[in-house]
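Both backbone and side-chain heavy atoms feed into the values below; hydrogens, waters and symmetry mates do not.
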Amino acid sequence: MHLVKLKMRGPIARSTARTSGVLGARLIAQAGTLLIVARVLGPLDYGVFAGVAAMAVMLGTLSSFGMQIVLLADVSREPKCRDDILPFALTTTMICGSVLFASYLLLATMLMGNVDVGIGTLAALGLAELLLQPLLNLAGSEYQGQGRIATSQLLISLPVALRLIAALVIWALHPSNALRDYAWGYFCASGVALGLATYNLQQPWPGLRTWRLPKIKELRRAAGYAVMNLTAAGPGELDKALALNLLPLAAAGVYAAGARVIGALTLPVIALMVSAIPRLFSESATGTRRPSQLLRWLFGATLIYGVVLASILWVSAPLLESLFGSRYQALPELVRWLCPAVPGLALRIAAGGALMALGSPWMRVLFELVGMLLLATVAFLLAPHFGIYAMPIAMTAAEWTMTICGGLMLLGLRRAGEHHV
């Protein structure tokens with residue numbers, strides 16, 4: 001039995017290490033961009049940027065209406081399918097993206113109130129996340145479906161690396177309107193990445209004349225993926241958008257910086273689940289038993305990592321002020337308030353990945369929707385009384401609620417499997 005466990009865990013551990021290496025380069029670029037942009041913009045402008053960018057990212061998950069997943073699934077089975085799918089996938093992305101872009105401009109303008117952000121700044125971020133990034137995701141799905149995994153990973157990481165370059169340029173030039181200029185650098189990063197992705201495709205995308213509207217059955221198939229994309233991104237972005245609306249802008253900036261730090265440090269958990277999901281698919285596909293042994297190992301490792309990470313963050317929190325600058329002097333204490341959420345966040349990621357792999361994606365959608373609703377409710381109720389600390393409390397409550405719900409769902413699936421046997 002011990003030998004079986006080692007055989008089961010060894011490949012996953014090695015794959016996790018390799019995946020962490022790939023994602024590690026992206027993490028370095030993200031961390032560098034976060035530090036530079038936060039320091040250059042300051043808490044007030046960074047709060048604006050984080051809030052409106054989070055809104056764009058959440059809406060952007062709906063721009064392709066799940067068509068990138070349809071493309072990935074079908075191209076993986078039959079590469080020739082791409083010529084049948086792309087004509088309506090591209091049309092859907094452009095139409096949905098354009099409608100969502102107009103909605104984003106209206107929503108962002110309403111939420112900003114009297115704050116003069118500038119329509120150009122909002123437009124740059126919206127175009128990047130609502131049109132360019134969804135098109136880039138279509139190209140990435142095509143690469144992945146063709147088995148070009150390394151190219152797909154590089155493609156996903158390219159905009160992040162280019163944004164780091166944009167941030168360095170802004171830092172060096174010290175422009176009078178750094179927020180506006182970085183927003184357009186953000187836009188250009190997505191544009192350059194999309195251009196390179198489409199240029200290097202084995203076959204060019206179909207011409208505009210061949211594009212068509214999707215059929216009802218095609219929309220129905222993609223709709224589930226669209227909802228899952230939204231709920232998967234929602235818990236990690238909704239809090240920044242809420243902070244922009246509920247907190248003073250400077251406080252929203254400090255919170256966004258702390259939340260981004262917490263989110264980035266869950267990289268090993270994401271790498272672990274990416275590596276383990278194929279094994280979970282394989283073991284659950286037999287229909288004879290649920291992969292409970294592997295799940296126990298995954299959740300045990302995730303819990304240990306989450307607790308250790310929270311402890312390290314608690315001790316090292318004072319170092320963050322020197323990294324982000326004196327204008328973020330409230331950041332160390334805020335990060336300590338966020339520490340209780342860290343194990344819950346890690347376990348929530350694991351639970352979501354496990355439910356997807358076990359063929360129950362709608363259960364994941366359900367518990368993530370519950371978490372998002374709880375996050376918004378607690379934040380609205382506590383913000384008038386606790387100020388900036390309302391957001392860590394809301395995040396902790398939401399993450400642990402999602403973790404408990406996900407765990408109960410997995411336990412129910414396991415018992416159902418045992419009863420079936």
For the residue pair [X] and [Y], what are the closest heavy atoms and their distance?
| X | Y | result |
| --- | --- | --- |
| Pro159 | Ala193 | CG-CB, 3.7 Å |
| Ala398 | Gly371 | CB-O, 3.5 Å |
| Ala317 | Pro332 | O-CB, 3.4 Å |
| Leu381 | Pro384 | O-CD, 3.6 Å |
| Ala128 | Ser190 | CB-OG, 3.9 Å |
| Gly258 | Val335 | CA-CG2, 4.2 Å |

Show your working on side-chain contact (heavy atoms from CB on, under 4.5 Å) between Met402 and Val370 and close with a plain yes or no. CA-CA 7 Å; Met402 287 187 283; Val370 169; 5.9 Å; no
Check: [Y] main-chain N/O paired with [X] side-chain donor or acceptor under 3.5 Å:
| X | Y | answer |
| --- | --- | --- |
| Thr403 | Gly344 | yes |
| Ser63 | Leu130 | yes |
| Trp400 | Pro340 | yes |
| Arg327 | Pro43 | no |

Kindly assign one of parallel, tilted or perpendicular to the pair Tyr186 and Tyr182, based on the angle between their ring planes and the thresholds 30° and 60°. perpendicular
Between Phe324 and Tyr328, how do the two ring planes meet: parallel, tilted or perpendicular, split at 30° and 60°? tilted
For the atom pair [atom1] ([X]) and [atom2] ([Y]), what is the distance rounded to the nearest 0.5 Å?
| X | Y | atom1 | atom2 | value |
| --- | --- | --- | --- | --- |
| Ile170 | Thr33 | CD1 | OG1 | 12.0 Å |
| Leu100 | Met55 | CG | CE | 13.5 Å |
| Arg180 | Leu122 | CZ | CG | 13.0 Å |
| Leu196 | Leu162 | CG | CG | 8.0 Å |
| Phe187 | Leu131 | CZ | CG | 9.0 Å |

Non-hydrogen side-chain atoms of [X] and [Y] separated by less than 4.5 Å:
| X | Y | value |
| --- | --- | --- |
| Ile95 | Leu213 | yes |
| Ile85 | Met67 | no |
| Asp239 | Tyr255 | yes |
| Phe367 | Arg348 | yes |
| Leu242 | Met391 | yes |

Within a 6.0 Å radius of atom CH2 on Trp184, are there more than 12 heavy atoms belonging to other residues, nucleotides or ligands? yes
Heavy atoms of other groups near Phe299 CZ, more than 12 under 6.0 Å: yes
Should Glu237 and Arg260 count as an ion pair when the cut-off is N to O under 4.0 Å? yes
Is it the case that Arg212 places NZ or CZ above or below the six-membered ring of Phe88, under 6.0 angstrom from the centre and within 45 degrees of the axis? no
After noting the C-alpha distance and the side-chain angles of Ile262 and Leu313, does the key distance pass the side-chain contact (heavy atoms from CB on, under 4.5 Å) rule? CA-CA 9 Å; Ile262 298 296; Leu313 279 171; 3.4 Å; yes
Please evaluate residues Tyr104 and Glu129 with respect to the criterion side-chain hydrogen bond (donor to acceptor under 3.5 Å, both in side chains), reporting the C-alpha separation (whole Å), side-chain torsions for both, the decisive distance (0.1 Å), and the verdict. CA-CA 11 Å; Tyr104 160 77; Glu129 291 294 345; over 6 Å; no
Starting from the C-alpha separation in whole Å, work towards a yes-or-no answer on side-chain contact (heavy atoms from CB on, under 4.5 Å) for Ile349 and Leu345. CA-CA 6 Å; Ile349 293 171; Leu345 171 60; 4.2 Å; yes
